[in-house]
Amino acid sequence: VGKSPCFRGQVPYTSGVLKWFYNYWLDPEFNRKRKFLQQISFFKNIPRHEFGRLFQALAVRNYQEGEVLFEEGDVGRALFILESGQVEITSDSDGQHHRMAVLGPGGYFGEMSLLDDLPRTATAQALTSCRVYLLYKTELANLLMRAPRVGVAIMSHVAEILAGRLRLTMEPRTPKHVQPFVEEVL
Amino acid sequence: LIFSGRTALPVLLLATAAYAFLQFREVLLPFLLAATLAYVLNPAVSFFEIRGIRRERAVLVIYTIVLFTFVSCAYLGVTAVMQSASNMAADMPRYVGKAREFIARLDDYAWLRRLGVSAWIEHQFMQDGTTWLLKAIEQVPALIRHHLLPLLEMAFLIPFLTYFFMMDGQSFFEKLIDFVPSRYVEMFLNVIVEINHSFGKYLRSLMLQAFCMGILTGIGYGMVGLHYVVYIAFWAAVSSMVPFVGPISAAVVAGVVALFQWGTFSGMMKIIGVFFAIRTIDDWFLNPFILRAAVHMHPVVTLFALLAGAYCAGLWGLLFAVPTMCMIKVLLEVAWQWYATEYGLQRKTLASEIVDVPLV
């Protein structure tokens, strides 16, 4: 339990009035969403009391089994975070169909589209019915201006991921003492 | 290429929505006003929501505060208007005398006498004006019969609808996203986010400007000792939401009050001086700060929007003309941005930086 119990996780029900207050006024869905999103590496550096601003920026979409979230070649504009269900990421490079990954709850994909307007390099399809959070590029720009602590935390993580991937591609040139740090980031 | 299968659907939907609006604009008006009010109040609800408060409770608190404020203001306003009306009735003979003196003094100037200005004003305002006023008074019961009931309907309907828009707006939006085909979700969100940002900025700027204009007008005309300054300030605030027409109409109202109150040239000059002072402060200090984030439109486009709005929906059309044009502009911008990124027209070229700058 944090210093300000109002908005911090489990609430110590010390009296009936407090219990009524929490049940009547506070949104249980808020805490559930915050706990889930805190586990996602993208949001690990966001201060607890700023999560409300992040929720305002996220859109939620339910997908049915077999539904295509986006196709390879579509211009990407959003980051997808999987709350429940499974999504398959595939690519058709070299004329062959490759399964790149199967993501479960907590998985994310499409982070590159937060930085550029280039076409997607893979196709995402729902393997089961799933619930997905979408962070749109314009909303991230808005967060950077209106809630910089949230926006910068997300952008820093995107930058960390990209830098790590870049170092991975030039692995032969990466000094041995740096490699553990790269692996840690990725 | 622009009207391919992918873009034809939104264009078709927009055209259908515009046609439906024109056909059912009378019925849609309370819904439109309620939706606008709910949209304006939404940031206050969000203030509580981002702190973990349930939406329904936040809506209830905000709604109660707004309703209480509105009813209190309406009660105080009606009481003040009744009081002022009785004062005005008592002062009317003196006001008319002052106005007649002023018009008579116009004949002291030879060139105005030659033009027959005083005779024209006397005829227009004192004879025709009196006839018009008598006719208007005769029409009051009919006007009340025709307009009071719809106004009362609106007074009950709009708060009722606003409550439901505030309560269910968010979940309606979430359900709407679920209905959008998955491949168009990003496009749909793009449009919604852009419109929300631009329209929100415009509305908030407009309301802030209206508030500032009301305060400025109140202070300005109050300093020169004009009567009924609170009503003039209120009118200035409301009318400032209609570009061009609004500020001038407030000055005309102040001029008429000054004519009846002082009936002198120096009095009229005070009003003109205050009007120009307010315009200067508005154009040089308020607009650059308040409207810097708002959607900018060419004055010709604004005028066109006002005329089209007045033609399509009368007084309400005047009020909603500029916001609607803003929305259309944002939609066009988003459509163009979408088209440009989709076909790589505006793709940034970072090739030289990527290749030439060494990776360290």
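Order of the sequence lines sets the chain letters (A, B, ...), proteins ahead of strands, with each chain counted from 1.
Of residues 121-135 of chain A, those residues lying under 4.5 Å from chain B by any heavy-atom pair are A:Leu134.
Taking the centre and axis of the six-membered ring of A:Phe30, the NZ or CZ atom of A:Arg34 falls outside the cone set by 45° and 6.0 Å. Judged by the 6.0 Å and 45° rule, A:Lys33 forms a cation-pi pair with A:Phe55.
In summary, the aromatic rings of B:Phe164 and B:Phe160 are positioned with their centroids under 6.0 Å apart.
Checking side-chain atoms of B:Arg57 against main-chain N and O of B:Ile53 turns up no donor-acceptor pair under 3.5 Å. B:Arg55 places no side-chain N or O within 3.5 Å of a backbone atom of A:Asp27 that could act as its donor or acceptor partner.
Between A:Glu67 and A:Arg61 a salt bridge is recorded (basic side-chain N to carboxylate O distance below 4.0 Å).
Other residues, nucleotides and ligands contribute more than 12 heavy atoms inside 6.0 Å of the CE atom of B:Met167.
Looking at A:Tyr24, the atoms closer than 4.5 Å to chain B (heavy atoms on both sides) sit in the backbone and in the side chain alike. Only the backbone of B:Val180 comes within less than 4.5 Å of a heavy atom of chain A; no side-chain atom from C-beta onward does.
For the 3.5 Å distance criterion, the side chains of A:Thr90 and A:His98 fail to qualify, holding no donor opposite an acceptor.
Each of B:Ile177, B:Asp178, B:Val61 has some count of heavy-atom pairs under 4.5 Å with chain A, and the biggest count is that of B:Asp178. Across A:Gln64, A:Arg53, A:Glu50, A:Glu29, the residue that shares the most heavy-atom pairs under 4.5 angstrom with chain B is A:Arg53.
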